[in-house]
Amino acid sequence: MHTQDRKIVVLATDARINERLIARGMDPMRGPCLADVLHEAIGERLTSKDALRLWDPDRLAGDPRVRAVLSRYVEQQAS
């Protein structure tokens, strides 16, 4: 797996973790939140419950729209 691909999978996982933290009323870690990534990628605003139910990390990393958003986060972290 390419380094960029690994970083995208890690960010996808972190985005889900952040969404779960937010759903529980906790502060998220540094990084993207699932609902925000999905809103930017697909233009749809999902509830935390729906976002977590519908989007697992493999699906996130495999969707080209989501990958593009997560790739921007990777690039921002590198700068």
Trace of the side-chain contact (heavy atoms from CB on, under 4.5 Å) decision for V37 with Y73
CA-CA 10 Å; V37 169; Y73 278 101; 4.0 Å; yes
Check side chain to side chain contact (heavy atoms under 4.5 Å, CB included) between R24 and all other residues, then give those that pass, not counting sequence neighbours.
R20, M26
Check step by step if side-chain contact (heavy atoms from CB on, under 4.5 Å) holds for H39 and L46.
CA-CA 7 Å; H39 183 253; L46 299 174; over 6 Å; no
Between R16 (side chain only) and L34 (backbone N and O only), is there a donor and an acceptor less than 3.5 Å apart?
no
Consider only side-chain heavy atoms of I, L, V, M, F, W and Y, link residues closer than 4.5 Å, and tell whether L70 and V9 are in one cluster.
no
Only counting residues at least two apart or in another chain, list the ones meeting side chain to side chain donor-acceptor pair (under 3.5 Å) with S48.
E19
Residues forming a side chain to side chain contact (heavy atoms under 4.5 Å, CB included) with D58, sequence neighbours excluded:
D56
d(L38 CG, W55 CH2) to nearest 0.5 Å is 5.5 Å
Under the side chain to side chain contact (heavy atoms under 4.5 Å, CB included) test, residues paired with N18 that sit two or more places apart:
L21, P28, M29, C33
Listing, residues 60-67 side-chain donor-acceptor contacts under 3.5 Å, not counting sequence neighbours, or none:
unit_1 : atom_1 : unit_2 : atom_2 : d
D63    : OD1    : R65    : N      : 2.8
D63    : OD1    : R65    : NE     : 3.1
D63    : OD1    : V66    : N      : 3.3
D63    : OD2    : R65    : NH2    : 2.8
R67    : NH1    : A61    : O      : 2.9
R67    : NH2    : D5     : OD1    : 2.6

Sorted by chain and residue number, the salt bridge (charged side-chain N to carboxylate O under 4.0 Å, His left out) partners of R53 (sequence neighbours excluded) come out as D50
Once you round to the nearest 0.5 Å, how far does CD1 of I17 lie from CG of L11?
11.0 Å
Are I42 and L52 linked, directly or through other ILVMFWY residues, by side chains that come within less than 4.5 angstrom of each other?
yes
What pairs meet the salt bridge (Lys or Arg N to Asp or Glu O under 4.0 Å) rule with one or both residues in residues 38-49, with sequence neighbours excluded?
D36-R45, E40-R72
